[in-house]
Amino acid sequence: MNKSPITSLDPDDWVAFRQQSHRMMDDMLDYLEQIRQRPVWQDIPEATRAKYSESLPREAISIAAAHQRFMEEVLPYSAGNSHPGFMGWVQGGGTPVGMLAEMLAAGLNANVGGRNQMPVEVERQIVRWMRELFSFPETASGVFVTGTSMANLMSVLIARTAALGKDVRQTGLCSDQIRLVAYTSVEAHGCVAQAMDLSGLGKQALRRIPANAQHQMDIASLKAAIAADRAAGLHPFFIAGTAGTVDVGAVDDLHALAALAKAEQLWFHIDGAYGALGMMSDKVRPLLRGIENADSIAFDFHKWGQVPYDAGFLLVRDSSKHMDAFAAPVAYLRREARGIAGGSPWPCDFGPDLSRSFRALKTWFTLQVYGTEKLGQMISHTCELAQSICSAVQAHPELELLAPVALNIVCFRYRGQPSAQLTGHESDRLNQEIVFELHESGVAAPSTTIVDGRLAIRAAIVNHRTSEDDIQRMLAAVIASGRRLSSR
């Protein structure tokens, strides 16, 4: 009689596997410890890229061989957001603590969609802490998601269900229903418009309100838009304010928006992707006055919170309205009073995902190990570094500041020496080339954006590893590159 093949995927030799595991962990700790000795970014060689067109593997290789491929072909060619010179996009740098917590979560392999288990309790602990941080009531609920783009979509769905009633989940959006319209700033992230699209309401139902000189949503224009829509027989239902705009880091007047939303009986949501966690900082907290009055807040622990990707979060003031939009009881998810199927409500009652990773653990470790005081000091420091860039730009005759610096994002450009300053498209092309050169040199990695019709070099200081030396190195590289390119 033939024996069945052994199908377990556990190691045949646990001792050898343990040695290889330690080697892999040490390599990543070495990577983080020595990251300043690496370039921020380097382009992928074509020969390396070509290897990733290979066919689906049928035969096994050793974990040591796979690890070697990772070290040679993957690790050197990431976008570089762990590096202190990465200033291009609002991405956190991660921490060794978060890395180890992610390993623990992967080893446990918990599905945190629900059931009576401690990983769910850890997520509930984070919900309680976020209620405390944002002064939300005990009725508030929260849930981990991939990121703020998903959380913004979920907030639109919750507000839509609150406006139209739970039947909309059965009947869908009908042509004879009231027509919902929403409002956000022209400075808001594109995912707000995408949320209107994916919710079925459509991008045309989103009013993009002009911004003032501080790049905040203009309150008078918002009031006028709401009045005009009501007069046209439409049904305003949702305002999305922003705490840390994507281009320049502006914070809308959240207090005024909250008051207007209350007066107009609209759902007040805040896209606080990175800015909301400024509540941990004594310097940033005053700028967020009014956030405590929101109906929902979307934010990412993987940005200013430095938790490894991904760890987005949605906090909702009224848990019953939150559940109305997502809870979907079915027989195979029956809740019991005892056993593993206890512990209702489950996280899956507050979002679309039933299969959910243990994102809460790396967040729990980060908050426990560092504490909000130290995290707040780190957030304040990134804002201080942004002000340092601002001062240096304003003091240098060859540089120009393009927007006020509210938090940690600085938009500026190289304008040339006073005797030969460039204008228009020529200047835009020059500054784009400067950023290309900085990326390819590996010295620093800012990004570009458009501010008032002009291409800007955008430095977003999010990484906890970034120092004043990194700032000065980036500015020196911008000036040197600008001089060399403009002399051509």
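Keep in mind the model is a prediction, meaning the values are calculated, not measured.
The structure places OG of S155 at 12.0 Å from CG of L315, a figure rounded to the nearest 0.5 Å. Taking CG from L206 and CD from Q194, the interatomic distance works out to 12.5 Å, rounded to the nearest 0.5 Å. Separating the CG atom in L399 from the SG atom in C390 is a distance of 11.5 Å, to the nearest 0.5 Å. Rounding to the nearest 0.5 Å places CZ of R317 at 12.0 Å from CZ of F134. For the atom pair CZ (F313) and CD (E123), the distance works out to 6.5 Å, reported to the nearest 0.5 Å.
S185 has its side chain out of reach of R208: every pair of non-hydrogen atoms, C-beta onward, lies at least 4.5 Å apart. Looking at heavy atoms from C-beta onward, Q91 lies out of side-chain contact with K303 at the 4.5 angstrom threshold. Using a 4.5 Å cut-off on side-chain heavy atoms (C-beta onward), T245 and I409 make no contact. Between H439 and V40 the shortest side-chain heavy-atom distance does not fall below 4.5 Å. Counting heavy atoms from C-beta on, the side chains of I226 and V181 never come closer than 4.5 Å. In this structure, the side chains of L180 and L164 come closer than 4.5 Å at one or more pairs of heavy atoms. The side-chain heavy atoms of W304 and Y274, taken from C-beta on, include a pair separated by under 4.5 Å. When side chains are defined from C-beta on, S427 does not count as touching Y414, because their heavy atoms never get closer than 4.5 Å.
Salt-bridge formation is not detected for the pair D247/R458: no Lys NZ or Arg NE/NH1/NH2 atom is positioned less than 4.0 Å from an Asp or Glu carboxylate oxygen. The existence of a salt bridge linking E138 and R128 is excluded, since no basic side-chain nitrogen approaches an acidic carboxylate oxygen closer than 4.0 Å. One finds no salt bridge joining D353 and R356 here, because no Lys/Arg side-chain nitrogen approaches an Asp/Glu carboxylate oxygen to under 4.0 Å. D253 has no carboxylate O lying under 4.0 Å from a charged side-chain N of R289, or vice versa, which leaves the two without a salt bridge. Salt bridge status for R483 with E398: present, with a side-chain N to carboxylate O gap under 4.0 Å. For the pair D428 and R454, the salt-bridge criterion is not met [side-chain N within less than 4.0 Å of a carboxylate O].
Listed for the T242 side chain is no donor-acceptor partner under 3.5 Å among the backbone atoms of G244. Listed for the D252 side chain is a donor-acceptor partner under 3.5 Å among the backbone atoms of M217. At least one donor-acceptor pair under 3.5 Å links the side chain of H464 to the backbone N or O of G94. A distance-only check finds a donor-acceptor pair linking the side chain of R465 to the backbone of G93 [under 3.5 Å]. A side-chain donor-acceptor contact under 3.5 Å links T95 to the backbone of G98. D470 contributes no side-chain N or O that, together with a main-chain N or O of G85, makes up a donor-acceptor pair within less than 3.5 Å. Within the 3.5 Å criterion, the main-chain N or O of I461 finds a donor-acceptor partner in the side chain of N408. Side-chain N or O atoms of R36 include none that pairs as donor or acceptor with a backbone N or O of E33 at under 3.5 Å.
For H235, the NE2 atom sits in a packed shell: over 12 heavy atoms of surrounding residues, nucleotides or ligands are nearer than 6.0 Å. Under a cut-off of 6.0 angstrom, the local environment of CD in Q34 is crowded, with over 12 non-hydrogen atoms contributed by other residues, nucleotides or ligands. Heavy atoms of other residues, nucleotides or ligands lying less than 6.0 angstrom from CD of E373 number 12 at most.
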* To do: Test T148 against D300 for side chain to side chain donor-acceptor pair (under 3.5 Å), laying out the working first.
  => CA-CA 6 Å; T148 293; D300 293 323; 3.0 Å; yes
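Between the side chains of Y77 and Q42, no donor N or O sits under 3.5 Å from an acceptor N or O. Of the N and O atoms on the side chains of N212 and D218, not one donor lies less than 3.5 Å from an acceptor on the other residue. For the residue pair N81/Y309, the side-chain donor-acceptor check at 3.5 Å is not satisfied. Side-chain contact of N463 with T466: a donor-acceptor pair under 3.5 Å is absent, judged by distance alone. Side-chain atoms of E468 and S388 include a donor-acceptor pair closer than 3.5 Å.
The side-chain tip of R131 does not point at the ring of F136 from less than 6.0 angstrom away and within 45° of straight on.
Taking every heavy atom of both residues into account, A240 and T184 meet most closely at O-OG1, 2.8 Å. The minimum heavy-atom distance between I209 and L222, with the atom names listed, is CG2-N, 3.7 Å. F412 approaches A459 most closely through the heavy-atom pair CE2-CB, 4.4 Å. Considering every non-hydrogen atom in both K203 and A193, the closest pair reads CG-O, 3.6 Å. Pairing each heavy atom of F237 with each of A182, the nearest pair is CE2-CB, 3.8 Å. Considering all non-hydrogen atoms of both residues, G376 and S281 come closest at O-CB, 3.5 Å.
Taking the six-membered ring for Trp and thresholds of 30 and 60 degrees, H269 and F238 have nearly parallel ring planes, at less than 30 degrees apart. By the 30° and 60° cut-offs, the orientation of the rings of F301 relative to F299 is perpendicular.
For the side chain to side chain contact (heavy atoms under 4.5 Å, CB included) with H322, the lone residue among T161, V143, T139 that qualifies is V143.
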